[in-house]
Structures are given as C-alpha cells and as structure tokens.
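Here's the structure, in structure tokens; my notes come after.
All ligand and atom numbering here is 1-based and tracks the order in the structure. The model shown is predicted, which means the values in this text are computed figures rather than measured ones. Any value given below was found using the heavy atoms of this structure, including those in side chains, with hydrogens, waters and symmetry copies removed.
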Amino acid sequence: MHYRNRKKLLAIGLVSILLLLNGCGNAAERAADSGDEKAVSEAAASQSIASSQEAAPSENTASSQTGTSSQNAASSAEELLTREVFAMDTYMTFSAYGEDAETALDEAEAEILRLDQLLAAESEDSEVAALNKNGGGRLSEDTAYLIERSIALNEETDGAFEITVYPVKQAWGFTDENYRIPSDEELAELLPLVGSDQLELDAENKTVTYKKEGMKIDLGGITKGYASSRLTDIFMKHDVQGMINLGGNVQVYGPKPDGSGWRVAIQTPERTEENTLPWLSQAASGSAALAGVDYIGVLETDSQAVITSGGYERYFEKDGVYYHHIIDPKTGYPSDADLVSVTIVSEDGTLADGLSTSMFVLGLDKASEIWRAHSDEFDMILMDTDGRLYATEGIKEQFTSDLEIHWIA
Ligand code: AMP
Ligand code: MG
C-alpha cells in the first residue's frame with residue numbers, strides 16, 4: 001500500500017504552493033549549519049523549483065532582499081526577516097519587514113504554536129480532542145469562532161463543508177496513518193453521526209453540545225486559513241508587512257519590500273512515486289500540455305490568502321485505487337467530483353480554507369454557481385480531471401499561466 005501525506009511531501013521539499021523567492025540558498029545553508037536534514041532538503045528543493053521557474057517564459061520576480069535570516073540583529077525597515085517553524089504537521093515560513101518585524105515574528109510563532117495545541121483533533125490534549133471525548137463542552141474564543149464559521153459554511157456549501165466528518169476520517173485511517181478501506185456496513189453506521197445540524201452551538205455562552213453519542217469534529221479543513229488570518233492581524237497590529245506560508249497555504253499582507261506584489265505559484269497536482277497522475281483522466285495524465293509543467297500558474301497579490309486543496313496532498317493506494325483525505329459527507333467516501341486542485345483567493349483566510357476543501361467536494365459547476373453568488377468575497381483557480389484550467393474573472397489581472405485559462409464569468 002502506498003501513501004503520501006503533506007508532512008512527508010514537504011520533507012522532500014514539495015509544497016503545493018510556494019512563493020517565488022530568491023535566497024532559498026541562505027535557508028539551505030542555515031539548515032545545513034544546524035544539521036537539520038529535513039530543512040536542508042526542503043530549502044534546497046524550494047530553490048531548485050524557484051530556479052526552474054526562472055527558466056520559464058514568465059517574468060522572474062525573485063527579490064534579492066528575501067530569505068534573510070531573522071538571526072540578523074539590526075533590521076532596516078526594508079529588510080525582510082524570515083522565520084521557519086514546524087507546526088500543524090507542516091513546514092511554515094513567516095516573512096516580515098518593518099520596524100517591529102522581529103517582534104511580530106516572535107508573536108506569530110507563539111500564536112501558531114498556541115493554535116496548533118488548541119485545535120488539532122489528533123493530539124490528545126487539544127481542546128478539540130476534549131470536546132470529542134466529552135460530546136461537547138465549553139469553548140475558547142477561537143474554537144467558538146471556528147465552529148460558528150464552519151456551521152455557516154456548511155449551510156453555504158449544501159453540506160459539503162462538514163466538520164463532523166471526523167469519525168469517517170478515522171475509519172479510513174487518515175487520523176493515524178493506519179490506512180484501510182471501511183466496509184459499507186461500517187460507513188452506514190458512521191454516517192448518521194455526520195451532520196452539522198446535530199451540533200448545538202451556543203455562541204453567546206460559548207458552549208457546544210453534540211446531539212449524538214460518538215460524534216466528533218475536525219477543524220483540519222479550516223485551521224490553517226484561520227491561523228494565517230490571525231497572523232496577518234499580528235502583522236497589522238505591529239504595522240509590519242509580509243507573507244505567511246503555512247505549508248503551501250499562503251497569506252500576504254502588503255507588498256514586497258520593493259513595492260511589487262508577491263508572486264504565488266500554484267503547483268500542478270503532485271505525481272505519485274510511480275510518476276503517474278491518477279487524479280487526472282487517462283488522456284489528461286499523459287497529455288503533453290501537462291508534462292513538465294511545475295505550476296498551474298502564478299498569482300500576484302499584495303493583500304490576499306491563496307489556499308489550495310487537492311486529493312494528492314494526502315492519500316493512500318490499494319489495489320491500484322487511490323483514496324484521498326477529503327471526504328464527501330454524503331457518501332463517507334473520498335469525494336469523487338471532477339476537480340483535482342482547488343485554490344481559493346480571498347482576503348479572508350478562514351473562508352479561503354473552508355471553501356478550498358468544500359469546492360473540491362462540490363465540483364466545477366456547483367463551485368462556479370456559488371462563486372457567482374459571492375464573487376465579491378473570493379476568487380478561484382481550478383483544475384478539472386481532464387487537466388483543464390479554470391479561473392474566475394475577478395483575478396483576470398492577477399493570474400497568469402502557460403496553460404490555456406478558461407475564465408469563469
Ligand atoms: P484541506 O487541506 O484544507 O482541504 O483540509 C483537508 C482536511 O479537512 C482533511 O484532512 C480532514 O481533516 C478535513 N476534511 C475532510 N473532508 C472534509 C469535509 N468534507 N469538510 C470539512 N473538512 C473535511
Ligand atoms: Mg481547506
């Protein structure tokens with residue numbers, strides 16, 4: 001049985017999105033000094049991906065000011081300080097510039113560790129784990145906010161965003177990497193536990209009650225976007241600008257030190273160890289158009305979250321069939337809609353994360369319909385199973401690709 005998850009992907013330096021930065025070599029050298037093998041491979045691979053992009057016909061925007069270590073003591077207002085953190089099962093990079101950049105990065109690091117500890121359903125001493133054990137309970141500000149947003153998203157996505165899917169995720173082994181295929185009987189028993197309408201949230205008093213025994217919630221589909229929003233608030237508070245990259249999920253606040261926008265590259269769905277693309281139709285996975293394309297495209301922004309979901313980020317293979325971690329709450333199976341990659345662009349990181357997961361479940365037509373009703377709140381970049389690239393009109397000036405773009409209006 002083959003499997004892959006984000007943590008391991010990142011350990012070999014493959015991120016679902018990465019910023020086109022110069023100076024990754026500095027990170028590699030620092031990592032080499034510290035003897036951190038994982039960091040070495042990530043930094044080195046990032047550099048090679050960034051340089052392959054330089055060779056591409058699209059404009060090279062690498063900035064010589066990036067990649068500066070926060071170990072540098074004195075910082076000028078234009079110097080970009082970076083901080084590398086491992087949390088939420090992934091490698092993260094925070095970059096900031098401005099008078100208080102060092103303080104902002106300290107706070108950002110503390111905040112991400114706090115949120116990780118609070119929200120991870122898998123770690124036994126988290127608040128979410130305690131709620132799952134006790135069938136509900138008192139909520140911190142963060143958890144109350146996230147459950148409230150999740151229930152609202154559930155309603156807006158016809159039930160596709162569903163935090164109560166956790167018992168099903170467990171049955172597939174995605175919570176502890178003991179991957180297995182649950183029987184139809186087992187899923188039929190678990191599905192009645194799935195449903196946000198069975199969560200009784202008292203937002204004012206900050207409590208939640210699970211109406212059925214055995215229900216469990218999982219905020220994994222929304223946590224990183226919320227975290228990047230919180231970190232953006234910290235940047236704002238300290239009047240610093242910069243970029244937050246949580247394992248390929250990016251949020252930027254303000255332009256780069258040279259005044260230009262950040263260029264966020266969206267990765268082509270990852271190949272398997274056998275160098276195949278099982279997420280795509282037979283014809284598309286062998287298509288010349290996708291061969292050798294590292295990036296779906298590049299988005300330039302100075303104020304948004306750019307968050308991607310795809311089955312290729314965490315999956316296992318059994319008897320030639322690939323099973324991924326985004327569950328269709330209606331069936332209890334990994335969703336099998338017509339999309340392989342969903343990127344949401346929004347100033348609201350929490351929304352972007354929740355939508356990236358749920359649009360993946362909903363598929364192209366339904367996602368487009370929801371976008372048309374909320375086009376002032378977010379934009380999307382989608383790749384379907386035939387390898388066709390779609391993007392919504394709101395980012396027409398920001399998004400470029402070597403592939404043909406089908407604009408959604
Ligand atoms: P993301 O990488 O943001 O797409 O989040 C994927 C994670 O969200 C999974 O690993 C699960 O923890 C969780 N998840 C899976 N299916 C759903 C769903 N239908 N709604 C909400 N969260 C989900
Ligand atoms: Mg998500």
Side-chain angles (χ1 to χ4, degrees), residues 3-7 9-10 15-17 88-90 119-123 126 128-129 132 146-147 149-177 179 190-191 193-196 199 216-229 246-251 267 269-270 305-316 323-337 339-346 348-363 366-367 378 380 382:
Y3 66 89
R4 184 165 286 184
N5 68 31
R6 205 179 253 172
K7 182 173 165 185
L9 261 179
L10 287 164
V15 290
S16 59
I17 307 176
M88 299 179 178
D89 211 19
T90 197
L119 301 172
E122 278 90 356
S123 72
S126 72
V128 171
N132 287 345
L146 280 174
I147 294 177
R149 291 286 313 255
S150 296
I151 291 173
L153 263 168
N154 176 265
E155 284 160 13
E156 283 156 21
T157 60
D158 282 350
F161 192 75
E162 183 51 83
I163 55 173
T164 62
V165 85
Y166 196 68
V168 175
K169 184 183 172 184
Q170 271 182 318
W172 285 92
F174 282 111
T175 51
D176 59 4
E177 298 188 9
Y179 301 114
L190 292 175
L191 279 176
L193 304 176
V194 177
S196 290
L199 289 174
K216 287 176 185 165
I217 65 165
D218 169 23
L219 300 173
I222 201 168
T223 294
K224 289 206 186 85
Y226 174 64
S228 66
S229 280
L246 310 185
N249 295 307
V250 171
Q251 187 154 1
Q267 197 203 344
E270 193 52 50
V306 185
I307 296 188
T308 299
S309 288
Y312 63 90
E313 292 184 320
R314 192 183 288 257
Y315 65 87
F316 67 93
Y323 301 90
H324 64 72
H325 67 134
I326 302 178
I327 307 289
D328 182 342
K330 294 197 164 63
T331 64
Y333 267 79
S335 73
D336 66 347
L339 296 173
V340 289
S341 171
V342 174
T343 299
I344 305 291
V345 182
S346 173
D348 179 347
T350 312
L351 179 75
D353 198 358
L355 284 180
S356 70
T357 310
S358 40
M359 295 304 201
F360 185 85
V361 173
L362 289 170
K366 187 71 193 162
F378 70 93
M380 315 188 284
L382 312 170

Determine the minimum heavy-atom distance between [X] and [Y], stating which atoms define it.
X	Y	value
Pro167	Leu190	O-CD1, 3.7 Å
Gly225	Gln251	O-OE1, 4.2 Å
Leu119	Thr223	CD1-CG2, 3.9 Å
Pro329	Val165	CA-CG2, 4.4 Å
Lys216	Tyr166	O-CB, 3.5 Å

So if I count the atoms of ligand 1 from 1 in the order they appear, which ones are less than 4.0 Å from some heavy atom of [X]?
X	result
Ile326	4 (O), 15 (C), 16 (N)
Ser309	1 (P), 3 (O), 4 (O)
Lys169	10 (O), 11 (C), 12 (O)
Ala160	18 (C), 19 (N), 20 (N)
Pro329	19 (N)
Asp218	11 (C), 12 (O), 13 (C)

When you compare ligand 1 with [X], is there at least one nitrogen or oxygen pair between them that comes in under 3.5 angstrom?
X	result
Phe161	no
Glu162	yes
Asp353	yes
Gly221	yes

If we only count heavy atoms from C-beta on, is the Pro334 to Tyr315 side-chain gap below 4.5 Å?
no

Given Glu122, His324, His325, identify the one with the heavy atom nearest to atom 15 (C) of ligand 1.
His325

Carefully, step by step, assess Thr157 and Glu162 under the rule side chain to side chain contact (heavy atoms under 4.5 Å, CB included).
CA-CA 9 Å; Thr157 60; Glu162 183 51 83; over 6 Å; no

Taking the inter-plane angle between the rings of Tyr333 and Trp172 on a 0 to 90° scale, is it parallel (under 30°), tilted (30 to 60°) or perpendicular (over 60°)?
perpendicular

What orientation do His324 and Phe360 show, parallel under 30°, tilted 30 to 60°, or perpendicular over 60°?
perpendicular

Determine yes or no for a side-chain-to-main-chain donor-acceptor pair under 3.5 angstrom, with Asn249 supplying the side chain and Val306 the backbone.
no

Backbone N/O of Gly195 and side chain of Thr164: donor-acceptor pair under 3.5 Å:
yes

Under 2.8 Å from the Mg ion (ligand 2), the protein N, O or S atoms, given as residue and atom:
Gly221 O, Asp353 O, Asp353 OD1, Thr357 OG1

